[in-house]
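Each remark here refers to the structure printed beneath this line.
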2 protein chains.
Amino acid sequence: MSVVLDRTDRAILKELQEDGSISNLDLSKKIGLSPSACLSRTKNLVETGVIQKFAAIVDEKKAGLEVLAFVLVNLSPLNRDTLRSFLSEVQKYPQVQECYTLTGSHDYLLKIVAKDIESYKNFIIDSLMQNTTISSVETSMVMGIEKRTVNVPIDA
Amino acid sequence: MSVVLDRTDRAILKELQEDGSISNLDLSKKIGLSPSACLSRTKNLVETGVIQKFAAIVDEKKAGLEVLAFVLVNLSPLNRDTLRSFLSEVQKYPQVQECYTLTGSHDYLLKIVAKDIESYKNFIIDSLMQNTTISSVETSMVMGIEKRTVNVPIDA
DNA sequence: CTTGAAAGAGACACGTC
DNA sequence: GACGTGTCTCTTTCAAG
């Protein structure tokens, strides 16, 4: 599953996580490699899937999404069918940005964005909780984003 | 704070969130716009900060990071000084990918990545909890990632 | 892995409608 | 805004050391 990365690969990853639109020429200069070698390494990182893709990182607030919330969800009954139907719901809604299975007393953690409180409430009640298998929903609103990185700590 | 986006802007954002390395020429074809108009819109989205940046999205597991965890933290005492020193710690460690202030009974939610359980434990004890203002740490390990999108739901 | 070179494509600024 | 043109830079691929 995991891919062996040497010092140079890690330098490339670090740089491309910070600036994915850097040209191959500038990148090669920054990490001290020839452009052709740099390009072949970058392509290899994409082919092996270490780099999943390149993407524009959008500022939610500037795009008009004021609400960010974490929601702990329990299903009842919790079985293969309710689980599968819940997850297919989750996949459908773009408001659900992330969904994790956790250890502990809750079945799922969701990260949800919405235009405002109103549309958040509507989404939870009219869309998500229409899924009758949900037994409890525990919302924590995000009041402040203190840190947000897409970067993976390559060194650690 | 928020920026007015018309239908075309939203189409551009949607596309660039899915593929940030698409050429301006291909992008303009996809959304039905002339290349120059498309380019000026994209640049405008970057200048207004709607697009924060372009970045390579890295697969944590392939980069050798097996552990993903959410941690609820309380500070004690909670005041301006402890808060500030805690947040400066959080900024320092690349293991902390995200940090939010939440409503509810906990002061902060952290998203943390690590190479394995061992290094996760070491990070919490040796690095994070060295910060003596932390009164409680509640870890939830991620067992499965059911959904993960960098995309912001532009339509909602 | 590096260097060098050649060809193709896209970015970008211009003027025009 | 859209469109067209031109220039300039980067990418990409090839070779050879």
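The model shown is predicted, which means the values in this text are computed figures rather than measured ones.
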### Any residue meeting salt bridge (charged side-chain N to carboxylate O under 4.0 Å, His left out) with Lys62(B), in chain and number order, not counting sequence neighbours
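For Lys62(B) there are no salt bridge (charged side-chain N to carboxylate O under 4.0 Å, His left out) partners, ignoring immediate neighbours.
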### Query
To the side chain of Ser34(A), which of dT3(C), dC3(D), dT11(D) is closest?
dT3(C)
### Query
In terms of side-chain heavy atoms of Ser23(B), which of dG4(D), dT13(D), dA11(C) is nearest?
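Out of dG4(D), dT13(D), dA11(C), the nucleotide with an atom closest to Ser23(B)'s side chain is dA11(C).
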### Query
Does OP1 or OP2 of dG10(C) have a side-chain N or O of Lys29(B) closer than 4.0 Å?
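For dG10(C), neither OP1 nor OP2 has a side-chain N or O of Lys29(B) closer than 4.0 Å.
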### Crowding at NZ, Lys61(A) (>12 non-hydrogen neighbours, <6.0 Å)
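For Lys61(A), atom NZ is not crowded (no more than 12 foreign heavy atoms under 6.0 Å).
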### Task
Would you please indicate yes or no on a ring centroid separation below 6.0 angstrom for Tyr108(B) and Tyr100(B)?
no
### Summary
Applying the Watson-Crick and G-U criteria (both distances under 3.5 angstrom) with [ ] for crossing and | for other-strand pairs, one obtains for DNA chain C |||||||.|||||||||
### Query
Rounding to a whole Å, what distance do you find between Leu25(B):CG and dT11(D):C1'?
15 Å
### Query
Has the side chain of Gln17(A) got a donor or acceptor atom that lies under 3.5 Å from a matching backbone atom of Thr149(A)?
no
#### Entry: Pairwise P distance for dT12(D) and dC12(C), with rounding to whole Å
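Each nucleotide's P atom is 16 Å from the other's.
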### Check ion pair Glu60(A)-Lys115(A) (N to O, under 4.0 angstrom)
no
### Salt bridge flag under 4.0 Å for residues Arg84(B) and Glu89(B)
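No, this pair does not count.
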### Query
Contact class for Ser40(B) vs. all strands (heavy atom < 4.0 Å): base, sugar-phosphate, or nothing?
nothing
